[in-house]
Amino acid sequence: MAMCVASPVSINSLSPVRLLSSVLQSNTKRSFFISFKTLRISISSSSSSSNQRSAFTAAASMAYARELDVAKKAASLAARLCQTVQKALLQSDVQSKSDKSPVTVADYGSQAVVSLVLQRELPFGSFSLVAEEDSGDLRKSESQETLKRITELVNDTLSSDATYSKSPLSEDDVLAAIDTGKSEGGPHGRHWVLDPIDGTKGFVRGDQYAIALALLDEGRVVLGVLACPNLPLAPIGHPHQDSVQTQVGCLFSARIGAGTDMQLLHGSSPMKVHVSTIENPAEASFFESFEAAHSLHGLSSSIAKKLGVQAPPVRIDSQAKYGALARGDGAIYLRFAHQGYREKIWDHAAGFIVVTEAGGVVADAAGNALDFSKGRYLDLEKGIVVTNQKLMPSLLNAVRDAVREESESASSL
């Protein structure tokens with residue numbers, strides 16, 4: 001048997017995503033060996049392209065296992081902080097007032113916790129975080145009490161984990177952690193993407209919100225975590241669902257090539273989840289944003305009517321919708337923002353991979369794949385549609401017709 005010359009490649013010198021590109025574009029007659037610590041995968045030039053891709057995806061997936069574990073820990077601790085703040089918020093009835101300071105405390109505190117955990121647990125290499133907040137407002141003199149409260153919460157949250165030292169962080173430490181979120185992202189290198197509280201209005205009402213964390217590698221989403229403190233473990237949106245109280249608080253996690261897992265937020269073994277297998281649009285139910293200000297409910301209704309959907313929409317806040325769809329609670333998620341609004345990558349990155357690894361499809365209204373490599377924003381054709389592979393063609397047809405009719409109606413006014 002002829003021997004192939006091996007070319008060892010270190011995972012430390014080349015990211016899995018970039019390595020995949022170089023391997024698949026090579027025309028040389030040799031085998032490639034990808035070393036991920038103890039793993040050694042051979043991708044032969046005689047293999048088919050699909051075999052090459054599947055072998056690489058398996059290797060890349062293992063390469064992100066440590067990062068995913070740390071992301072789950074970071075999101076879970078951030079959720080613990082948010083739950084503390086939300087409990088106090090609801091008890092004080094402040095949600096009926098104009099005071100937004102509790103949300104501010106939770107938002108900043110969550111971002112600080114995630115940043116600190118990622119940097120402590122993954123200390124090697126450069127650290128890049130694309131996130132919603134920066135510390136500008138907190139540095140103002142009138143925000144000193146808020147900053148003090150945030151610092152106390154961050155210290156209390158981290159000290160609740162036995163793996164961290166009891167040495168308290170200073171206010172400057174917390175401000176610095178928040179400001180790591182200023183990265184612009186982009187197509188090269190690794191970038192963490194965070195929404196510290198996705199669904200702030202749901203958070204204030206005591207409804208759904210999520211801590212959404214994802215990792216981009218060479219512009220591609222390679223892992224994601226959704227911590228959803230108020231999402232029940234049992235399915236939602238089913239009118240005949242047993243009304244018996246169920247456990248609340250879900251953690252969804254996914255990494256490229258490894259599927260999507262769901263578990264209780266603060267403990268339990270993970271289990272694999274999969275999107276709905278419904279093929280008949282009339283049998284499908286769909287999710288949309290709770291707030292009409294966040295999505296065009298009228299356009300969603302028109303699309304549902306064209307599909308023949310019988311069930312009323314399930315309206316919930318945040319990327320918890322992605323998690324619910326990933327486990328099959330509904331079959332379709334529609335998001336059509338108002339004109340002029342630009343979608344941010346932190347509003348969709350984690351949900352995107354949670355759904356796609358569960359077998360779903362996420363696209364814009366024209367059927368294009370979402371591109372997270374352009375920086376802090378997504379460039380979209382009108383809106384975002386999410387469903388399973390069987391329903392996507394008919395869904396896109398309905399979207400196209402509804403958007404065209406809306407455009408014609410607007411132009412005739």
Side-chain angles (χ1 to χ4, degrees), residues 68-91 95 102-103 105-107 109-111 113-114 117 153-154 156-163 194-214 223-238 241-254 259-274 287 290 314-330 333 350-351 353-355 357-358:
L68 183 62
D69 286 342
V70 174
K72 290 168 65 175
K73 181 177 183 178
S76 296
L77 284 171
R80 184 174 298 172
L81 182 149
C82 292
Q83 286 176 301
T84 299
V85 177
Q86 189 184 60
K87 182 179 180 180
L89 169 70
L90 297 176
Q91 288 175 344
Q95 69 269 26
V103 181
V105 167
D107 227 5
S110 174
Q111 183 160 318
V113 165
V114 170
V117 172
L153 276 166
V154 170
D156 288 347
T157 301
L158 293 178
S159 66
S160 70
D161 188 292
T163 62
L194 170 69
D195 193 333
I197 296 183
D198 185 42
T200 53
K201 291 187 177 181
F203 177 83
V204 171
R205 290 195 312 271
D207 291 336
Q208 299 302 326
Y209 67 98
I211 293 85
L213 179 63
L223 67 83
V225 174
L226 291 174
C228 307
N230 292 335
L231 189 69
L233 195 63
I236 61 173
H238 295 276
Q241 176 182 320
D242 191 342
S243 61
V244 174
Q245 285 291 330
T246 184
Q247 292 172 298
V248 174
C250 295
L251 182 68
F252 297 91
S253 58
T260 298
D261 291 328
M262 181 186 70
Q263 63 194 98
L264 281 172
L265 181 55
H266 297 305
S268 81
S269 299
M271 59 181 179
K272 291 295 180 188
V273 295
H274 199 277
F287 294 105
F290 185 91
V314 179
R315 293 174 177 166
I316 60 175
D317 301 281
S318 82
Q319 288 180 67
K321 292 185 287 293
Y322 278 110
L325 191 139
R327 69 186 185 186
D329 288 8
Y333 167 32
I353 193 166
V354 163
V355 165
E357 282 297 317

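We use all heavy atoms of the structure for the numbers below, so side chains are in, but hydrogens, waters and symmetry mates are not.
Residues passing the side chain to side chain donor-acceptor pair (under 3.5 Å) test with Tyr209: none are found, sequence neighbours excluded. Remark: Ser160 engages Arg80 in a side chain to side chain donor-acceptor pair (under 3.5 Å) (not counting sequence neighbours). Asp161 meets the salt bridge (charged side-chain N to carboxylate O under 4.0 Å, His left out) test with Lys73; sequence neighbours excluded. With sequence neighbours left out, His274 forms a side chain to side chain donor-acceptor pair (under 3.5 Å) with no residue at all. Taking the side chain to side chain contact (heavy atoms under 4.5 Å, CB included) definition, one finds that Ala79 meets it with Ile211, Ala227, Pro229, Leu265, sequence neighbours left out. Residues satisfying the side chain to side chain contact (heavy atoms under 4.5 Å, CB included) test with Ala71, not counting sequence neighbours, are Trp192, Leu213, Leu223, Val225. Gln208 meets the side chain to side chain donor-acceptor pair (under 3.5 Å) test with no other residue; sequence neighbours excluded. With sequence neighbours left out, the side chain to side chain contact (heavy atoms under 4.5 Å, CB included) criterion links Ala212 to Asp195, Leu226, Gln319, Ala350. The side chain to side chain contact (heavy atoms under 4.5 Å, CB included) test applied to Val85 returns Leu81, Pro102, Val105, Ala106, Leu153, Phe203, not counting sequence neighbours.
Taken to the nearest 0.5 Å, the CD atom of Gln86 stands 10.5 Å off from the CZ atom of Arg205. Here NZ of Lys272 is found 8.0 Å from CD of Glu357. Values are rounded to the nearest 0.5 Å. Rounding to the nearest 0.5 Å gives a distance of 6.5 Å between CG of Leu231 and CD1 of Ile316.
Here the options are Thr157, Thr163, Leu158, the test is side chain to side chain contact (heavy atoms under 4.5 Å, CB included), and the partner is Val117; only Leu158 passes.
Asn230 places a side-chain N or O within 3.5 Å of a backbone atom of Asp207 that can act as its donor or acceptor partner. In this structure a side-chain-to-backbone donor-acceptor pair under 3.5 Å is present from Ser110 to Pro196. Judged by distance alone, with hydrogens and angles left aside, the side-chain atoms of Thr260 form a donor-acceptor pair with the main-chain N or O of Val354 at under 3.5 Å.
Here the closest heavy-atom approach between residue Gly267 and residue Leu264 is recorded as O-CB, 2.7 Å. Taking all atoms of both residues into account, the shortest heavy-atom contact from Ser268 to Gln263 is O-NE2, 3.2 Å. Arg327 approaches Cys250 most closely through the heavy-atom pair NH1-SG, 3.6 Å. The minimum heavy-atom distance between Ala324 and Ile236, with the atom names listed, is CB-CD1, 4.1 Å. Scanning all heavy atoms of the two residues, the minimum distance from Val273 to Ala358 falls at O-CB, 3.8 Å. The heavy-atom pair separating Val114 from Ala78 by the smallest distance is CG2-CB, 3.8 Å.
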Applying side-chain contact (heavy atoms from CB on, under 4.5 Å), run through Met262 and Leu251 and close with a yes or a no.
-> CA-CA 6 Å; Met262 181 186 70; Leu251 182 68; over 6 Å; no
